[in-house]
Amino acid sequence: MLSPICAMLGIEFPLLAFSHCRDVVVAVSKAGGMGVFGAAGIPPERLEEELAWIDEHIGGRPYGVDLIVPNSFAGKGEENAALPPIPDEHKAFVAGLLEKHGVESDSLAGVSSSLGDNMTDTGAAALLEVAFRHPIALIANALGVPPPLMLELGKRNDVPVAALVGTRDHALAQVRAGVDILVVAGGEAGGHCGEVATMVLVPEVAAAVEAIGATTPILAAGGIVTGRQMAAAMAMGAHGAWTGSVWLTTAEAETNPVVKEKMLAASSRDTVRSKSRTGKPSRQLRSPWTDAWEAEGAPKPLPMPLQSLVSEPALRKVDKLSEGGHEGAKHLATYWVGQGVGLMNEAMGAGQVVQEFKTDWIAACERLNGFIGD
């Protein structure tokens, strides 16, 4: 396809798939798109294992790595400082919520500190060192302007640097910082997202970038789970699509089977944008867990990454018990997903999803061309 994204990344179809599952990354890249491995929450040694496996199975196809190095978070700049303790109020709230649904809370294990460690300058550098030892074709930062080291390593290794943005101003700041690809994510997106809808944000950013004479290509994101949506975004100024939610219900995905079934049955209204999981606004599947945090009297979510130390141990236990058939845990189970979940009604392989995107994209373009008279 004649897209600058394809030329820049060496791919056939400008569809990028963000996933924490290495199998999805490989399947999408082999199908002509590009898989991007989400590495934010894992330590460097685990990232080395995952990327080595991808290298062995991807057949030389391009793939990328995505990190989270936000501009601000609790403890940033204090490399040797311990994170502050979790307030008793938050611990008691989680314990009460779990016990209300029959889940014992006395054996909650502490969550790994990898997420918080990875957000420090030292932690990010360690992950970047691992990533650039492998033949990656893209490095992406999910929150804020990429750290100088990421930009420097990208240029030195001729690897494009992408960054997610949720506003016009953020996009222009990224362009001025030297980012190679803008991932313009509307509020419909799963995971961390802003408030502006994709339908508004994509053309707004495209016009702003054009107005300053920049040629930075744009990947549209946020609620995109079909080829026709991808075609619509490209008609508005994008050069391709960045997707995440649609891969969560694929055969390769490691998503909790209970959550997969919830997603396949969900409508576009069954998600909520909340700070309750990470401390920054992120969209997730609605459940009694998310409802409780949004209810009157619930404690205010802690800043990133402290809120993850509250939520992740409990939700990991919920996942484990739900897979074993525990009814209370099945009700509580949730995960990040965008509003496009209402269009995710059939489980299929990741490679098949790519082919469906291609077919649907072509049909949408033909339909648009049909409106043009002779």
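The chain is numbered in sequence order, starting from 1.
Using a 4.5 Å cut-off on side-chain heavy atoms (C-beta onward), Thr250 and Val353 make contact. Contact check for Ser287 versus Lys262: side-chain heavy atoms found under the 4.5 Å cut-off. Put simply, the side chain of Leu51 reaches to within 4.5 Å of the side chain of Leu47, judged on heavy atoms. In this structure the side chain of Pro299 reaches within 4.5 angstrom of the side chain of Trp293, judged on heavy atoms. The closest side-chain heavy-atom distance from Val246 to Leu343 is not below 4.5 Å.
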Mind running side-chain contact (heavy atoms from CB on, under 4.5 Å) on Asn256 and Val318 for me, showing each step along the way?
CA-CA 10 Å; Asn256 176 355; Val318 164; over 6 Å; no

Go through it in stages, so that I can follow the logic: the residues are Val65 and Val36, the test is side-chain contact (heavy atoms from CB on, under 4.5 Å), and I'd like the CA-CA distance, side-chain angles, deciding distance and then a yes or no.
CA-CA 5 Å; Val65 172; Val36 181; 5.7 Å; no

For salt bridge (Lys or Arg N to Asp or Glu O under 4.0 Å), just list the numbers for Glu254 and Lys260, CA-CA rounded to whole Å, side-chain angles, deciding distance to a tenth of an Å, and then say yes or no.
CA-CA 9 Å; Glu254 296 177 348; Lys260 275 189 182 182; over 6 Å; no

As a quick check of understanding, evaluate side-chain contact (heavy atoms from CB on, under 4.5 Å) for Leu219 and His239, giving each step before the final call.
CA-CA 6 Å; Leu219 287 169; His239 302 93; 5.9 Å; no

side-chain contact (heavy atoms from CB on, under 4.5 Å) between Val341 and Thr271: does it pass, once the steps are laid out?
CA-CA 8 Å; Val341 70; Thr271 68; 3.9 Å; yes

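Contact record, Ile139 with Ala131: CD1-CB, 4.2 Å, taken as the closest heavy-atom pair. Ala314 approaches Leu98 most closely through the heavy-atom pair CB-CD1, 4.0 Å. Ile11 approaches Pro62 most closely through the heavy-atom pair CG2-CG, 4.0 Å. Closest approach of Thr198 to Gly222, counting heavy atoms only: OG1-O, 2.9 Å. For Met344 against Ser245, the heavy-atom pair with the smallest separation is CE-O, 3.2 Å. Of all heavy-atom pairs between Ala162 and Pro146, the closest is O-CG, 4.5 Å.
Looking at His192 and Thr278, their side chains do bring a donor and an acceptor atom within 3.5 Å of each other. With no hydrogens or angles considered, a side-chain donor-acceptor pair links Glu99 and Ser105 at under 3.5 Å. Side-chain contact check for Thr226 and Gln229: at least one donor-acceptor pair (N or O, by modelled atom type) lies under 3.5 Å. Looking only at atom types and distance, the side chain of Asp180 has no donor-acceptor partner in the side chain of Thr216 under 3.5 Å away. Between the side chains of Glu48 and His134, at least one donor N or O lies within less than 3.5 Å of an accepting N or O. Of the N and O atoms on the side chains of Asp55 and Tyr63, at least one donor lies less than 3.5 Å from an acceptor on the other residue.
Of the possible donor and acceptor atoms, none in the side chain of Ser19 sits under 3.5 Å from a partner among the backbone N and O of Phe37. In this structure a side-chain-to-backbone donor-acceptor pair under 3.5 Å is missing from Lys358 to Gly32. A donor-acceptor contact shorter than 3.5 Å links the side chain of Asn141 to the backbone of Gly144. Judged by distance alone, the side chain of Lys30 and the main-chain N or O of Gly59 form no donor-acceptor pair under 3.5 Å. One N or O on the side chain of Arg61 and one on the backbone of Ser29 form a donor-acceptor pair closer than 3.5 Å. Using modelled atom types, one side-chain atom of Gln284 and one backbone atom of Ser282 make a donor-acceptor pair closer than 3.5 Å. Proximity of a side-chain donor or acceptor of Lys280 to a complementary backbone N or O of Ser274 within less than 3.5 Å is not detected. With hydrogens and angles ignored, the 3.5 Å screen pairs no side-chain donor or acceptor of Asp66 with any backbone N or O of Gly38. One N or O on the side chain of His326 and one on the backbone of Gly328 form a donor-acceptor pair closer than 3.5 Å. The closest donor-acceptor contact from the side chain of Thr243 to the backbone of Ile224 lies at 3.5 Å or more, if one exists at all.
Taking the charged nitrogens against the carboxylate oxygens, Asp270 and Arg286 have no contact shorter than 4.0 Å, which rules out a salt bridge. Salt bridge absent: Arg46 and Glu49 never bring a charged side-chain N and a carboxylate O closer than 4.0 Å. A salt bridge between Arg22 and Glu50 is present, with a side-chain N of the basic residue lying under 4.0 Å from a carboxylate O of the acidic one. Using a 4.0 Å cut-off between charged nitrogen and carboxylate oxygen, Arg283 and Glu188 do not count as a salt-bridge pair.
Atom CD of Glu210 has 12 or fewer neighbouring heavy atoms from other residues, nucleotides or ligands inside a 6.0 Å radius. Environment of CD in Glu152: crowded, with over 12 heavy atoms of neighbouring residues, nucleotides or ligands closer than 6.0 Å. Crowding of Arg367 atom CZ: a count of heavy atoms from other residues, nucleotides or ligands under 6.0 Å not exceeding 12. By the 6.0 Å contact criterion, CE on Met1 is enclosed, its count of non-hydrogen atoms from other residues, nucleotides or ligands being greater than 12. By the neighbour-count criterion of 12 heavy atoms within 6.0 Å, atom CG of Asp158 is sparsely surrounded, having that number or fewer from other residues, nucleotides or ligands.
Under the 4.5 Å side-chain heavy-atom criterion for ILVMFWY residues, a single connected hydrophobic cluster contains both Val28 and Met230. When hydrophobic clusters are built by joining Ile, Leu, Val, Met, Phe, Trp and Tyr residues whose side-chain heavy atoms come closer than 4.5 Å, directly or via intermediates, Ile181 is not grouped with Leu149. In the hydrophobic clustering of this structure, Leu332 does not group with Val258; members are Ile, Leu, Val, Met, Phe, Trp, Tyr whose side-chain heavy atoms approach within less than 4.5 Å, directly or through other members. Leu2 and Ile5 are not part of a single hydrophobic cluster, where members link through side-chain heavy atoms under 4.5 Å apart. Neither Trp247 nor Ile42 shares a network with the other; the hydrophobic side chains, linked directly or stepwise wherever heavy atoms of I, L, V, M, F, W or Y lie under 4.5 Å apart, form separate groups for each.
Applying the ring-ring contact (aromatic ring centres under 6.0 Å, His included) rule to Phe18 yields the partners His20; only residues at least two apart in sequence or on another chain are considered.
Remark: Leu201 CG to His170 NE2 distance equals 10.5 Å, nearest 0.5 Å.
Tested against Glu312, the residues Arg277, Lys317, Gln307 include a single side-chain hydrogen bond (donor to acceptor under 3.5 Å, both in side chains) partner, Arg277.
Taking the six-membered ring where tryptophan is involved, the planes of Phe13 and Trp361 are perpendicular, since the angle between them exceeds 60° and thus also 30°.
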